[in-house]
Amino acid sequence: MTQNSPPLVLPPSLSRTVAALPDKDRNRLDDTITRLHTVNGRLWDTEDRVRGALRSAAQVADCKREIDQLNAERNLLAERADEVLGSLADAGRADAPLHTETLASVIDRLSVLTLRIWHSERAAARDELVRRRVPALHGQREELCAAVDALVSDVVAGRRRLPVPARFKLYGRDDAAPAEIKPSRRLRRVLAFGGLSECGKSTSAEFVQRTCGAQRFKIGFLLRQAAHREGLADPYALSARRQAELLLGELNRFADAHVDTELFTIESVHDDASIAELKRLMGDALQIVYLDVSFAVRVERSGTPAQAVAAKDEIKMSRGAHQVAALADHVIDNTGSIAALRARLRRIAAPPASTALRAATPYGLGLPAAIASATADFTDAVRAYGSGVPLAALTGSPGEGSWIAGWSDLDLLVIAEHEAIGRVHEALEQYRTALGGAAALGPTLVTPGELTARRLTPRLAFVLHQLQQGSPVLHAAPSLELPTISRGELAFAAVRELPQVILTMRRLRADAGPATLRQLYKHLVLACRLLLREHNQWESGPDRILAAAPRMPGLTALSVPSLAEISSAWRDGEAGLVLKPVTMAVDQLLTWYAVQLAA
């Protein structure tokens, strides 16, 4: 209902009959009748505005457009109500007398009469003629309620039939009723940020834009764009439903023109009625995020006087901003740390998903028997910790099937709750002891919260992507949820990681010698892998990566011995034999890279 409007009370017999309907039908009917009564209240208010003094031609036109829209919605809701109410009739009495109107039409008249009584009682204090009419209006309502109850009894008993409910109203078109606007199939997800003044709406939307690639909009901008497109002087004078349709139309238009955009944000949600209508139109594709912060904290953060914040709040609350919390899909207590806020935003903007991971035993990864046995014991140990350790996996060369004894490390990823990490440390110590120096162990420990909040290094993002592409794991809990890592994200991650790899490679090159061969070669391969990723080239395995490097414009072939040759020389203590071609390839790549950035 509009603010301070009266509720619609149904006659007792009708109320009892509706209460006996199945839950689904009863809830649908209750919602439809409530919305019908709300639309009638808005129609009354809009008609009052159009008759008000000092109205410009543009404002009158806007009100007329709103009246048309509300009347169309009124008829649509009445038809929906009759779809449920029609089930009350006894279908077997086709010979029963036909009533002149549907039950929804009678309820609509009762709604209007309820509004007339309420407005008349308010005006009675200043208008004697109106005051005299109030008792007659109450009498009309009593008669109408009695007539409705009698009609319901006759319909249920089969003594009277109801007409076909379809109204076939045309508003502004010659061929059909107005079609309900629907979200474009390219409008995948929208986050709407609401809250009172200085609660962090803009900061949150900016963070989602920067980290998730969202397209960010202000609601006011979208409404002004839509109003200009449709010739409306003031979109805020329109009904909540119409405002929602205008917003959705603009979002659809942008999504259709930018098909690669996966996520949109809109701010600031100050009108609970229009955002509720937008939610009805979009469903779960729209996620409403309400930022809840105490007044004292908002004043402190704003750096402005309390009176200034209170004044802004008063304006927003007059539009229903505080009531958005009841509609929100996510209510965030933003009185804590920035880290907590950003973690929650990342989970909302890019929610984790259950992932079907491929499990393999250590003996199926091509590892020597002693190493496989030690790995199996470690896997059994962490599996025994239950939900505290939801995942363990050997990454890199074991997953790619290219692990080489005496050359390759055992890169280990363990996802563990913070409380379980102490026990994981104990298991790792036992693992190292069992390996007995046969392989170097490089563990990465990360909590589930860090993953779902996407606090990821570029290398960790790549490892997760590889697991989701089918690289094997040693252990994974069935309920494990991981962030989905796209190739596009990895390309951006490569941009962030490459500078550090290049700097490290230059340092290793300055100290080049047999002792640094292994690290120098691995950084050469990693740099080429990241550069190829920027060029949308996806290769795995050192030999294939180095062979593909000349696909980058301007880079000639790198003459590097095979991994088997380099690893064999390293194990045999003859690293000096292969050091020169590796350093030459590093020099060649660094020269090419410097030229690219100097252009």
Side-chain angles (χ1 to χ4, degrees), residues 211 346 350 352-362 364-367 371 375 378-379 382-383 389-404 407-417 420-421 424 427-428 431 439-477 480-498 500-501 504 519 522-523 525-534 536-542 544-545:
T211 58
R346 289 301 293 266
S354 297
T355 307
L357 301 176
R358 182 169 70 90
T361 67
L365 297 179
L367 300 173
I371 295 178
T375 304
F378 172 79
T379 304
V382 297
R383 186 181 287 118
V389 182
L391 182 137
L394 287 176
T395 64
S397 55
E400 296 173 353
S402 59
W403 193 86
I404 301 174
W407 170 267
S408 301
D409 292 333
L410 287 175
D411 293 324
L412 177 69
L413 171 64
V414 178
I415 301 175
E417 297 289 352
I421 286 180
V424 175
L428 286 172
Y431 192 7
L441 185 62
T444 297
L445 304 183
V446 61
T447 67
E450 290 172 272
L451 293 181
T452 57
R454 290 183 173 257
R455 290 295 180 116
L456 310 175
T457 64
R459 293 194 189 191
L460 182 53
F462 178 69
V463 167
L464 293 175
H465 177 78
Q466 292 294 84
L467 295 181
Q468 291 164 349
Q469 295 302 307
S471 291
V473 300
L474 300 171
H475 157 66
L480 177 64
E481 290 188 334
L482 297 175
T484 301
I485 309 297
S486 67
R487 283 194 170 187
E489 289 178 82
L490 291 183
F492 284 117
V495 174
R496 297 196 305 272
E497 186 180 11
L498 185 61
Q500 183 60 51
V501 173
T504 303
Q519 285 294 94
K522 289 194 170 187
H523 277 76
V525 172
L526 180 56
C528 289
R529 175 177 239 163
L530 296 175
L531 286 164
L532 286 168
R533 205 181 293 169
E534 284 192 282
N536 201 29
Q537 301 287 325
W538 301 81
E539 295 289 350
S540 60
R544 295 184 62 177
I545 290 171

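Values in this document were obtained by computation on a predicted structure and should not be read as measured data. Worth knowing before you read on, the calculation uses all heavy atoms, side chains too, and leaves out hydrogens, waters and symmetry mates.
Panel note: side chain Glu481, backbone Pro448; no donor-acceptor pair is recorded below 3.5 Å. Between the Trp538 side chain and the Arg529 main chain, no donor and acceptor come within less than 3.5 Å of each other. In this structure a side-chain-to-backbone donor-acceptor pair under 3.5 Å is present from His465 to Ile485. Between the His523 side chain and the Gln519 main chain, a donor and an acceptor come within less than 3.5 Å of each other.
Note that CG of Leu530 and CD of Gln500 are 11.5 Å apart. Values are rounded to the nearest 0.5 Å. From Cys528, atom SG reaches atom CD of Gln537 across 12.5 Å, with rounding to the nearest 0.5 Å. Residue Leu531 holds its CG atom at 5.0 Å from CG of Leu498, rounded to the nearest 0.5 Å. With rounding to the nearest 0.5 Å, the separation of OG in Ser397 from CG in Leu410 is 7.5 Å. Distance check, rounded to the nearest 0.5 Å: OG1 of Thr375 to CG of Leu394 gives 5.5 Å. Here the OG1 atom belonging to Thr355 is positioned 9.0 Å from the CG atom belonging to Leu464, to the nearest 0.5 angstrom.
Take Arg383 and apply the salt bridge (Lys or Arg N to Asp or Glu O under 4.0 Å) test, not counting sequence neighbours, and it matches Asp380. With sequence neighbours excluded, no residue forms a ring-ring contact (aromatic ring centres under 6.0 Å, His included) with Phe462. For Thr395, the side-chain contact (heavy atoms from CB on, under 4.5 Å) partners two or more places apart in sequence, or in a different chain, are Asp411, Leu413, Val463. Residues forming a side chain to side chain donor-acceptor pair (under 3.5 Å) with Ser540 (at least two apart in sequence, or on another chain): none. Residues meeting the salt bridge (Lys or Arg N to Asp or Glu O under 4.0 Å) test with Arg358, sequence neighbours left out: none.
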Side chain to side chain contact (heavy atoms under 4.5 Å, CB included) between Asp409 and Lys522, intermediate numbers included: CA-CA 11 Å; Asp409 292 333; Lys522 289 194 170 187; 4.2 Å; yes
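Heavy-atom minimum distance, Leu365 versus Pro472: CD2-CG, 3.6 Å. Smallest separation of non-hydrogen atoms from Ala494 and Glu534: CB-CG, 4.3 Å. The shortest heavy-atom contact between Phe378 and Ala392 is CE2-CB, 4.5 Å. Taking both residues in full, the closest heavy atoms of Ala353 and Thr484 are given as CB-OG1, 4.3 Å, listed atom of the first, atom of the second, then distance. Taking all atoms of both residues into account, the shortest heavy-atom contact from Ile545 to Val525 is CG2-O, 3.7 Å. Across Pro390 and Ile415, no two heavy atoms sit closer than the pair CD-O, 3.0 Å.
Taking the side chain as every heavy atom from C-beta outward, Leu412 and Leu428 approach each other to under 4.5 Å. In this structure, the side chains of Leu460 and Leu451 come closer than 4.5 Å at one or more pairs of heavy atoms.
Applying the side-chain hydrogen bond (donor to acceptor under 3.5 Å, both in side chains) rule to pairs touching residues 440-459 yields Arg347-Thr452, Thr447-Glu450, Arg454-Glu489, Arg459-Glu497, sequence neighbours excluded.
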